[in-house]
Number of protein chains: 2
Amino acid sequence: MTARKENSTYTLNEKFITDCDLTYAANKIGGRWKIIILDKLGKRKMRFNELKKEFPYISERMLTLQLRALEHDELVKRTVYAAVPPRVEYELTPIALEFLPIFCQLSAWGKKNKMLKNNRS
Amino acid sequence: MTARKENSTYTLNEKFITDCDLTYAANKIGGRWKIIILDKLGKRKMRFNELKKEFPYISERMLTLQLRALEHDELVKRTVYAAVPPRVEYELTPIALEFLPIFCQLSAWGKKNKMLKNNRS
DNA sequence: TGTGGTACAAACAAATTTGTAAGTAATGAC
DNA sequence: GTCATTACTTACAAATTTGTTTGTACCACA
């Protein structure tokens, strides 16, 4: 299972990080894609290929990995419809919905400070 | 320098990510350490070694890198006092202060959902 | 002369994250 | 019988992030 982690500082730091409420939460939505996937799914449930189109250059592998991780953390619910061709829908769970107002504020910060930065250049 | 990036998908995705207000903001506080460093500095200004003590296993290199990145993004202000031994203080900038309420909410989410998870095991 | 403290920097190495390319299964359209 | 479609999986490789170790400048103090 690739369980190669020992008691390295890397792992000790990881523990420290997930002990803290703030970084525990931050880790759930960290990485390049998770936050924006959750944000899209906050608007409506979507199929795999719909999501893929939202992110023009994402690889299928990345999308799958991120969705799996989010599913594992119970932030998205995956529903498979037995059909051909296959049809799978992703939607947010209740605990993921609680992130949405936070995303709004982050987005507002981003908008404001990106503007400020551009006006100085 | 190390400007080795081309027009790979990696870079295209990066552009896509920093175009979005939400992920632009998220990137500023992404990674293992930034968010928690900002959170600590939100309470009071601190010296390098004070910060180091807050994170028992962080390497000095990591702390330096993160502080430099935060300084570059104008989220922390670095003040050097010409003294021997050297004395450097770090504090949040106004735009970083605006993150603090968001951190509170994230932290609340973390606290709540970490509990839920533990109660199921 | 030697040690200690502060805030790093540089060279190197390990670990993780992200991306590439190809392939799969089932079925229905042509 | 070939091709297209959907939602992936697998093996591999590139890029980035994180950590280890050693070293530095400055001066005080013993």
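Protein chains get the first letters and strands the later ones, always in sequence-line order, with residue 1 at the start of each.
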Query raised in the report: What integer distance in Å separates B/Y10:OH from C/dT16:P?
Result: 16 Å
Report task. Determine: side-chain N/O of B/Y57 to OP1/OP2 of D/dT20, distance under 4.0 Å, yes or no. Result -> no
Query raised in the report: Want to settle it: does B/L65 or A/E50 sit nearer the 5' end of DNA chain D, counting the closest nucleotide to each?
Result: A/E50
Query - Pair A/K45 + A/E50: basic N to acidic O under 4.0 Å - result: no
Query - Gap between atom CG of A/L41 and atom CD of A/E54 - 0.5 Å precision - result: 9.5 Å
Requested in this report: Let me know the distance between CG of A/N13 and P of C/dA14, rounded to the nearest Å.
Outcome: 18 Å
Report task. Using a cut-off of strictly less than 4.0 Å, decide whether A/R68 has a side-chain nitrogen or oxygen near OP1 or OP2 of D/dT9. Result -> yes
Query raised in the report: Is the charged tip of A/R47 near the ring of A/Y81: under 6.0 Å from the six-membered ring centre and within 45° of its axis?
Result: no
**Report entry** Closest-nucleotide 5' rank along DNA chain D - winner of B/P85 and A/F48
**Finding:** A/F48
Query raised in the report: Within the structure, does a side-chain N or O atom of B/R47 lie under 4.0 Å from either OP1 or OP2 of C/dA7?
Result: yes
Report task. Report the distance from atom CD of B/E89 to atom C1' of C/dA7, rounded to the nearest whole Å. Result -> 13 Å
**Report entry** Spacing of B/R32 atom CZ relative to C/dT17 atom C1', expressed in whole Å
**Finding:** 13 Å
Query raised in the report: Taking the side chain of B/R61 as heavy atoms from C-beta outward, which of C/dC8, D/dT20, C/dG19 is closest to it?
Result: D/dT20
Query raised in the report: Base, sugar-phosphate, or nothing for A/T64, non-hydrogen atoms under 4.0 angstrom?
Result: base
Requested in this report: Indicate yes or no: does A/E89 engage A/R87 in a salt bridge with an N to O separation below 4.0 Å.
Outcome: yes
Report task. Measure from NZ on B/K52 to P on C/dC8 and round the result to the nearest Å. Result -> 12 Å
Query raised in the report: Could you state the interatomic distance from CG (B/L97) to CG (B/L92), rounded to the nearest 0.5 Å?
Result: 5.5 Å
Query raised in the report: Contact class for B/T9 vs. all strands (heavy atom < 4.0 Å): base, sugar-phosphate, or nothing?
Result: sugar-phosphate
**Report entry** Selection from C/dG19, D/dG19, D/dA7 that lies nearest to any side-chain heavy atom of B/M62
**Finding:** D/dG19
Query - Nearest-nucleotide 5' precedence on DNA chain C, A/Q66 against A/V84 - result: A/Q66
Query raised in the report: Reckon B/Y81 touches a base, only the sugar-phosphate, or nothing at all at heavy-atom distances under 4.0 Å?
Result: nothing
